[in-house]
Amino acid sequence: MPCLSCHGEHGTSATDNTPSLGGQQAPYALIQLYMFREKLRVASPMNDMANGLSDDDLRAFSDFIATLPKPQPPEDAGDGARMARAQAAAAKNHCNSCHKPDYSGGDNVPRIADQREDYLKKTLTEYKDNTRHGYDGTMAEVLQPVSADEIADLAYYIARVR
């Protein structure tokens with residue numbers, strides 16, 4: 001499976017700024033693969049990989065992704081003060097509303113719990129500065145008032161959700 005060479009064996013990425021796919025729901029994965037194929041979301045390796053795939057191929061890949069085990073949080077539980085600060089920021093910005101209280105996501109909302117911290121920070125920053133577009137404007141709107149320091153804390157916290 002070509003996904004695993006970049007996204008990690010069993011769907012847990014060891015590659016900088018590359019997301020772990022484990023634990024993602026098939027509907028979310030399907031939307032992302034479709035967006036890559038149609039170049040609605042631009043990331044060269046993914047656009048190249050998805051180019052020419054049929055809708056059935058996209059469904060088969062997304063169904064496979066949904067079978068991968070969720071990633072495990074880092075061994076360290078994190079700095080308590082930073083975790084508390086980020087938890088307050090997550091509550092203030094209603095992160096647990098769409099992504100669920102345990103950040104497991106659902107259907108077309110990604111699982112973000114235990115995702116790579118660097119990838120979370122990169123993605124949140126891209127949504128905030130409008131260089132990454134989702135299939136709707138929710139994330140860009142939610143992140144507008146969030147500072148760079150809060151984004152760093154949120155990424156730190158969500159990567160360590162237990």
Side-chain angles (χ1 to χ4, degrees), residues 3 6-7 11 13 15-55 57-66 68 70-71 73 82-161:
C3 310
C6 295
H7 294 280
S13 175
T15 306
D16 289 348
N17 290 309
T18 302
S20 295
L21 298 179
Q24 292 299 350
Q25 294 79 12
Y28 173 75
L30 179 61
I31 290 167
Q32 297 307 303
L33 289 169
Y34 174 82
M35 289 178 69
F36 284 126
R37 183 185 73 187
E38 302 301 317
K39 295 183 177 57
L40 299 170
R41 182 170 171 203
V42 178
S44 300
M46 290 302 302
N47 298 123
D48 295 342
M49 190 283 304
N51 186 36
L53 294 178
S54 70
D55 289 350
D57 294 334
L58 297 182
R59 276 190 287 281
F61 276 117
S62 62
D63 288 345
F64 169 76
I65 288 167
L68 298 171
K70 66 183 181 177
R82 190 172 186 195
M83 294 290 280
R85 194 170 56 237
Q87 193 171 21
K92 177 179 83 175
N93 293 291
H94 310 287
C95 301
N96 64 359
S97 179
C98 295
H99 293 280
K100 294 188 179 174
D102 63 356
Y103 301 98
S104 63
D107 294 329
N108 64 336
V109 176
R111 173 191 176 77
I112 55 175
D114 310 318
Q115 184 56 266
R116 289 183 57 90
E117 181 179 347
D118 59 344
Y119 180 74
L120 288 166
K121 184 177 177 186
K122 173 183 177 289
T123 300
L124 292 170
T125 301
E126 289 172 347
Y127 276 126
K128 179 176 175 59
D129 68 19
N130 244 347
T131 56
R132 178 171 175 175
H133 304 285
Y135 40 87
D136 67 21
T138 302
M139 286 299 297
E141 184 179 326
V142 166
L143 284 163
Q144 285 316 298
V146 180
S147 72
D149 287 342
E150 285 178 309
I151 286 174
D153 284 346
L154 286 167
Y156 181 84
Y157 169 69
I158 294 166
R160 288 165 176 78
V161 168

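If you're wondering where the values come from, they're calculated on a predicted model, not measured in any experiment.
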With side chains defined as the heavy atoms from C-beta onward, is the minimum distance between H99 and V109 less than 4.5 Å?
yes
Just so I know, are the side chains of L33 and L53 near enough to count as touching, which here means a heavy-atom distance under 4.5 Å?
no
Go through the steps to decide whether R85 and E150 satisfy the test salt bridge (Lys or Arg N to Asp or Glu O under 4.0 Å), and finish with yes or no.
CA-CA 8 Å; R85 194 170 56 237; E150 285 178 309; over 6 Å; no
Evaluate side chain to side chain contact (heavy atoms under 4.5 Å, CB included) for H7 paired with S20, printing each intermediate quantity in order.
CA-CA 6 Å; H7 294 280; S20 295; over 6 Å; no
Do the side chain of S13 and the main chain of T18 share a donor and acceptor less than 3.5 angstrom apart?
yes
Side chain to side chain, C3 and F61, heavy atoms closer than 4.5 Å:
yes
Will you find, in the side chains of R41 and Q32, an N or O donor that is under 3.5 Å from an N or O acceptor?
yes
Cut-off 3.5 Å, side chains only: do S54 and D57 have a donor facing an acceptor?
yes
Correct closest heavy-atom pair for A155 and L124 would be N-CD1, 4.5 Å
Can you see whether S104 engages D102 through a side-chain donor-acceptor pair at a distance of less than 3.5 angstrom?
yes
Distance, nearest 0.5 Å, that separates CE of M83 from OH of Y156
7.0 Å
Close side-chain approach of K121 and I151, heavy atoms under 4.5 Å
yes
Side-chain contact, heavy-atom cut-off 4.5 Å: R132 with M139?
no
Taking NZ in K128 as the centre, count heavy atoms belonging to other residues, nucleotides or ligands within less than 6.0 Å. Is the count above 12?
yes
Could you walk me through whether K70 and Q115 satisfy the side chain to side chain contact (heavy atoms under 4.5 Å, CB included) test, starting with their C-alpha distance in whole Å, then the side-chain angles of each, then the deciding distance to 0.1 Å, before giving a yes or no?
CA-CA 9 Å; K70 66 183 181 177; Q115 184 56 266; over 6 Å; no
Shortest non-hydrogen pair, N108 vs Y28, comes out as O-CD1, 3.4 Å
Do you know which two heavy atoms are closest between K39 and N51, and how far apart they sit?
NZ-OD1, 4.4 Å
So R59 and L30, side chain to side chain contact (heavy atoms under 4.5 Å, CB included) or not? Walk me through it.
CA-CA 6 Å; R59 276 190 287 281; L30 179 61; 4.0 Å; yes
Gap separating the OG1 atom of T131 from the NZ atom of K122, nearest 0.5 angstrom:
8.0 Å
Checking side chain to side chain donor-acceptor pair (under 3.5 Å) for the pair D149/S147: CA distance, chi angles, key distance, verdict?
CA-CA 5 Å; D149 287 342; S147 72; 5.2 Å; no
Distance, nearest 0.5 Å, that separates CZ of R111 from OH of Y103:
12.5 Å
How about L154 and V146: do any of their side-chain heavy atoms sit closer than 4.5 Å?
yes
Heavy atoms only: give me the nearest Y119-N17 pair and the separation to one decimal.
CD1-O, 3.4 Å
When rounded to the nearest 0.5 angstrom, what distance separates CE in M46 from CZ in F36?
4.5 Å
Hey, is D16 close enough to R116 for a salt bridge, meaning N to O under 4.0 Å?
yes
Using only atom types and a distance under 3.5 Å, with no angle test, would you say the side chain of N93 pairs donor to acceptor with the backbone of C95?
no
What's the spacing between D153 CG and R82 CZ if we round to 0.5 Å?
4.5 Å
Roughly how far, to the nearest 0.5 Å, is CG of L21 from CD1 of I65?
5.0 Å
Go through it in stages, so that I can follow the logic: the residues are L40 and H133, the test is side chain to side chain contact (heavy atoms under 4.5 Å, CB included), and I'd like the CA-CA distance, side-chain angles, deciding distance and then a yes or no.
CA-CA 8 Å; L40 299 170; H133 304 285; over 6 Å; no
